[in-house]
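Inspection log for the structure reproduced underneath, given as structure tokens.
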Amino acid sequence: QVQLVESGGGLVQPEGSLRLSCAASGFTLAYYAIGWFRQAPGKEREGVSCISDGSTYYADSVKGRFTISRDNAKNTVYLQMNSLEPEDTARYYCAAGPAVIGSSSWMYRRSYNYWGQGTQVTVSS
């Protein structure tokens, strides 16, 4: 059974850091593009970052602050989030899609086939 499980969310103060994990079971993450999305209350789910076939992509709002990486041995993808801002508060989801997702499509939900349940990130003092 294909499953993605996010973890690592929590409450953090502004300028703090968190590392989110996306662990896969039932399939090998290395063969898929993995995206991170987030959804704040009352807002659309938006693409945050993606790692695909050796390429990485970031939303403009997180460039320079977030880093996506993959540990194939652990079948896990990470999202390191630094210099967090209150505007980063949202539920974060990881998703898996075809091995290659290009720069023009990584940010769209329709590019991905499998989704996790999400982990909440709250940035507040």
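All residue numbers in this chain count up from 1 along the given sequence.
The two residues Y112 and G35 make their nearest non-hydrogen contact at CE2-N, 3.6 Å. Heavy atoms only, all atoms of each residue included: S52 and A99 are closest at OG-O, 3.1 Å. Contact between A90 and Q120 at its shortest, heavy atoms only, is O-NE2, 3.4 Å. N72 and A30 get closest at one heavy-atom pair: OD1-CB, 3.4 Å. The two residues A59 and G47 have their closest heavy-atom pair at CB-O, 3.5 Å. Nearest heavy-atom pair, P98 versus S111, reported as atom, atom and distance to 0.1 Å: CD-O, 3.3 Å.
W36 and Y57 are not part of a single hydrophobic cluster, where members link through side-chain heavy atoms under 4.5 Å apart. Using a 4.5 Å cut-off between side-chain heavy atoms of Ile, Leu, Val, Met, Phe, Trp and Tyr, with links allowed through other members, Y58 and L18 fall into the same hydrophobic cluster. Hydrophobic clustering (side-chain heavy atoms under 4.5 Å, transitive across Ile, Leu, Val, Met, Phe, Trp, Tyr) groups V12 together with M81. Residues I51 and Y78 fall into different hydrophobic clusters, defined by Ile, Leu, Val, Met, Phe, Trp and Tyr side chains chained together at heavy-atom separations under 4.5 Å. L4 and I101 fall into different hydrophobic clusters, where Ile, Leu, Val, Met, Phe, Trp and Tyr are joined by side-chain heavy atoms under 4.5 Å apart, directly or via other members.
Atoms CG and OG, from L84 and S124 in turn, are 12.0 Å apart once rounded to the nearest 0.5 Å. Note that OG1 of T67 and CG of N82 are 6.5 Å apart. Values are rounded to the nearest 0.5 Å. A distance of 12.0 Å separates OG in S69 from CD1 in I34, rounded to the nearest 0.5 Å. In this structure, OH on Y32 lies 6.0 Å from CZ on F27, to the nearest 0.5 angstrom. Atom CD of Q117 sits about 13.5 Å away from atom OG of S7, to the nearest 0.5 Å. One distance of note links OG of S55 with CH2 of W106; it measures 12.5 Å at 0.5 Å rounding.
Listed for the N75 side chain is a donor-acceptor partner under 3.5 Å among the backbone atoms of L29. Side chain of T89 to backbone of A40: no donor-acceptor contact under 3.5 angstrom is found. The backbone N or O of C22 sits nowhere less than 3.5 Å from a side-chain atom of E6 that would complete a donor-acceptor pair. Side chain of T122 to main chain of L11: no donor-acceptor pair is present (N/O by atom type, distance under 3.5 Å, no hydrogens or angles).
Around CD of Q39, the count of heavy atoms belonging to other residues, nucleotides or ligands within 6.0 Å exceeds 12.
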query: Taking it one step at a time, do R45 and R91 satisfy side chain to side chain contact (heavy atoms under 4.5 Å, CB included)?
result: CA-CA 9 Å; R45 192 171 298 188; R91 190 164 186 85; over 6 Å; no
task: Apply side chain to side chain contact (heavy atoms under 4.5 Å, CB included) to V123 and E15, showing your working.
output: CA-CA 9 Å; V123 184; E15 295 300 313; over 6 Å; no
- request: Check step by step if side chain to side chain contact (heavy atoms under 4.5 Å, CB included) holds for E87 and S61.
  value: CA-CA 10 Å; E87 293 73 22; S61 59; over 6 Å; no
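A heavy-atom distance below 4.5 Å is not found between the side chains of C50 and T56. Counting heavy atoms from C-beta on, the side chains of L79 and F66 come closer than 4.5 Å.
In summary, the aromatic rings of F37 and Y92 are positioned with their centroids too far apart to meet the 6.0 Å limit.
Considering only residues two or more places apart in sequence or on other chains, E46 meets the salt bridge (charged side-chain N to carboxylate O under 4.0 Å, His left out) condition with R38. Residues forming a ring pair (Phe, Tyr, Trp, His ring centres under 6.0 Å) with Y31 (at least two apart in sequence, or on another chain): none.
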